[in-house]
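Only one structure is covered here, and it is reproduced in the block below.
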Amino acid sequence: MSRSATEFMGTPAGLFHWIPGEMIVIARLTRIPLDDALSIAFEQIRTQLNTFLARYQLTLDPYGVAGRWEEIPTMPPVRRRAFVFGLHSQQPLVALFFHTRALDTREGDPLPSALSYIHAHIAYFAQFGLHIVSAMPNWLVTAAPLLYSEGGPGAPPRPAPVLEVHAPPQALPGWHLQFATQGLALDARDAEDVTVVVVDTAQHPDRIRSAATRPELRRNWLLQRLVEDMRQEDGSFMVEYDRYPVTNDVRTGHDAAQRSRYYLMPDHGLFVSGIIRDLAPRARIRLVRALNDFGGCDLYNLFAVLTDLEHELISGTIRRLVINLSLTVLPDFLRLPYLWFQDRQWPTSQLLGAQNVLTSLEEGLRLLFESLFAHGALIVAAAGNDSYQAFRKGLPPRPPRAPARYRSTLGVTSVNSNFYPSQFANAANIPADTGGVATFGGDSAGVVNQQGLPDAVRGLFISPTFPGGETNLTGWADWSGSSFSTAIVSALGAHLLAQGWSASNSIARLSMGLGQQGEIAFGSPADVSSLLANVIYAQQSFRL
């Protein structure tokens, strides 16, 4: 690695799983409020919670006026503190964002104690008409040096190999993905009636257009195709760069040895979008920048993006929707109890009610995805890349992270080019759920394919240099992780929705396996048993 790599990569100073002091309360409403009524409801609920928390020397402040906003002058302004969702129900839900403050400033993070008291008094609040269905930290999405948790791609991107192919001077050879024959017909119109929303990092549209004019990138067919789509201005490919302000205090990533390292990855969302464009040539792709350039955010942006999409589905702006979530949230469900109950002095640390507490810590997030699923959205989510250490020890892979582990989503994990589990790959689902698949996502550094090339997904990368300091000479990068497996499955999902498949049927059909089913009365074994996943076969080649 070159010396200049220290400019791009770093080691986290500490490990955190949520933003200290930031709380989300999910409450049930009797009707959909108007904007003014929503502001009133926010203050009424805050007042009721503060009246209760005062006995414990705790208080809640409006989101965006304390914590990070006091310490960092460049934080973006907060215009919304509440998000309404669950519009398929007669009693919708509202997510309210607060800062938790201890009146005794000598205390550490007051959030766990505040949540503990709320969890223990759910029935008390219900007596006054405040129906709390979940109270949880503002969990990190992926992960950071100041705020950092497990997450990120399997390894940093690196230059893709350069191959020779006989082609006319005007031709643009390059890397292409394709599905192997597996019993599912692709849409004859290349999924043109489907919108795929990629919630991810993003390069500014001007940078993408400018990159297409750089001499070394003019022969990258995928970049030229996406830029041409942008020029059409018909929704073929759009980048929503400034709609959701991001902060840079959450970061993520692994180095080639799978140690926690953060690095700039603004190309991650473009890489994912390029995979989808390659496999679903006429789908409408919206790349929404919700993750910062280091690949992280928190639940605020995720709630903002996904609740807005639910409103678009309700209004009919979007008819058929695939949501690509190449990201992870929360520790896995096996680690969560140890993380949350490590301080036995909390009031809810007793075994009685512990399960209810653990449910509440993510129930609001689960209900958000359930709401989108109820409106017909196909949500495709990455299982995560946390299993390298388990692989080294000969242990089973880690469970899938949220939201891949929810029944309303299709969880995706990674296999290499030989369709064996990638060394970093988490399991695709949780027994006895069946909503998970595996497809090509590359493998760890040092693993090669049958051609002797690094076993990685090859896709679009426009930054002038790589995290390791190498110069970008072609616009093609090798990158590995379940993020890119997720993009492949999102493209296949777009083909299915375009042919009239529902989201629920798509999840069931893909996760049950695409080959011949066995005759065992109680079901069929998974193609990759250790990952609890059936394989969707995709391959990559260098051609015209």
Side-chain angles (χ1 to χ4, degrees), residues 2 4-5 7-9 74 76 153 156-160 162 167 169-176 196-248 251 253 263-278 281-297 324 326 457-479 483-484 487:
S2 71
S4 62
E7 180 182 348
F8 301 101
M9 302 185 72
T74 57
R158 53 199 183 277
V162 178
Q170 69 275 15
L172 300 180
W175 294 100
H176 291 262
V196 183
V197 174
V198 178
V199 183
D200 215 298
T201 69
Q203 294 274 14
H204 193 281
D206 290 346
R207 290 202 66 185
I208 300 173
R209 284 188 283 261
S210 175
T213 66
R214 284 163 33 197
E216 69 273 23
L217 304 187
R218 287 177 184 168
R219 294 185 60 77
N220 186 301
W221 76 267
L222 188 52
L223 173 60
Q224 300 302 325
R225 171 65 190 273
L226 286 177
V227 169
E228 180 59 30
D229 287 347
M230 294 173 70
R231 291 195 188 102
Q232 299 297 323
E233 297 186 350
D234 60 356
S236 300
F237 178 58
M238 300 169 52
V239 180
E240 296 181 7
Y241 186 82
D242 294 319
R243 183 174 177 182
Y244 302 98
V246 301
T247 64
N248 276 328
R251 308 185 181 188
Y263 54 90
L264 289 166
M265 56 177 81
D267 292 277
H268 187 272
L270 190 63
F271 194 105
V272 166
S273 299
I275 291 171
I276 296 169
R277 170 55 73 233
D278 188 10
R282 300 178 70 181
R284 301 164 68 87
I285 301 174
R286 284 168 55 181
L287 174 55
V288 179
R289 186 180 188 234
L291 306 182
N292 62 35
D293 288 350
F294 292 98
C297 72
N324 185 99
S326 292
V457 182
R458 302 196 164 92
L460 184 58
F461 191 91
I462 66 169
S463 291
T465 55
F466 288 86
E470 307 95 334
T471 301
N472 183 8
L473 299 175
T474 65
W476 295 106
D478 280 8
W479 219 341
S483 286
F484 315 120

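Only this structure's heavy atoms are used, side chains among them; waters, hydrogens and symmetry mates stay out. Quick caveat, the model's predicted, so the values are computed rather than measured.
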When rounded to the nearest 0.5 angstrom, what distance separates [atom1] in [X] from [atom2] in [Y]?
X    : Y    : atom1 : atom2 : value
R277 : L223 : CZ    : CG    : 13.0 Å
D478 : W175 : CG    : CH2   : 7.5 Å
L172 : R218 : CG    : CZ    : 12.0 Å
L264 : F294 : CG    : CZ    : 4.0 Å
D293 : S463 : CG    : OG    : 8.5 Å
R284 : I276 : CZ    : CD1   : 15.0 Å

*Counting distance only, does the side-chain N/O of R251 pair as donor-acceptor with the main-chain N or O of N292 below 3.5 Å?*
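No: the side chain of R251 does not pair with the backbone of N292.
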*Would you check if the side chain of R158 reaches a backbone N or O of E470 as a donor-acceptor pair within less than 3.5 Å?*
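Side chain of R158 to backbone of E470: no pair is present.
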For residues [X] and [Y], report the shortest heavy-atom separation together with the two atoms involved.
X    : Y    : answer
P467 : F461 : CD-CZ, 4.4 Å
Y263 : P157 : CE1-CD, 3.6 Å
V239 : Q203 : CG1-O, 3.6 Å
L217 : G475 : CD2-N, 3.2 Å
V457 : F484 : CG2-CB, 4.1 Å
A290 : V246 : O-CG1, 3.7 Å

Flag the pair [X] / [Y] as yes when at least one side-chain heavy-atom distance between them is below 4.5 Å, and no otherwise.
X    : Y    : answer
P76  : T247 : yes
D267 : I462 : yes
P464 : N472 : no

*asked:* I'd like to know whether W221 forms a side chain to side chain contact (heavy atoms under 4.5 Å, CB included) with D278, so could you lay out the CA-CA distance, the side-chain angles of the two residues, the decisive distance to 0.1 Å, and finally the verdict.
replied: CA-CA 10 Å; W221 76 267; D278 188 10; 3.6 Å; yes
*Testing L222, D200, L226, T201 for side-chain contact (heavy atoms from CB on, under 4.5 Å) with L270, which one passes?*
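So, applying the side-chain contact (heavy atoms from CB on, under 4.5 Å) to L270 and each of L222, D200, L226, T201, only L226 qualifies.
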*asked:* For E228, is there an ion pair with R231 - N to carboxylate O distance below 4.0 angstrom?
replied: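 E228 and R231: salt-bridged.
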*Using a strict 4.0 Å threshold on nitrogen-to-oxygen distance, state whether R286 and E240 make a salt bridge.*
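A salt bridge is present here (some side-chain N lies under 4.0 Å from a carboxylate O).
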*Mark yes or no: R289 above the aromatic ring of Y241, with NZ or CZ under 6.0 Å from the six-membered ring centre and no more than 45 degrees from the axis.*
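R289 over Y241 ring: yes.
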*asked:* Tell me whether the count of non-hydrogen atoms from other residues, nucleotides or ligands lying under 6.0 Å of CD in E233 goes above 12.
replied: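 Count not over threshold, so no.
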*Report, as yes or no, whether the 6.0 Å neighbourhood of atom CZ on R209 holds more than 12 heavy atoms from other residues, nucleotides or ligands.*
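Atom CZ in R209 is crowded, with more than 12 foreign heavy atoms closer than 6.0 Å.
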_Under 3.5 Å side-chain donor-acceptor pair for S483 and H268_ =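 A pair is found: one side chain offers a donor N or O, the other an acceptor, under 3.5 Å apart.
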*Evaluate the criterion side chain to side chain contact (heavy atoms under 4.5 Å, CB included) for residue pair F237 and L287; output intermediate values, then yes/no.*
CA-CA 8 Å; F237 178 58; L287 174 55; 4.2 Å; yes
*Please identify each residue that fulfils side-chain hydrogen bond (donor to acceptor under 3.5 Å, both in side chains) with Q224, with sequence neighbours left out.*
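Checked Q224 against side-chain hydrogen bond (donor to acceptor under 3.5 Å, both in side chains); zero matches.
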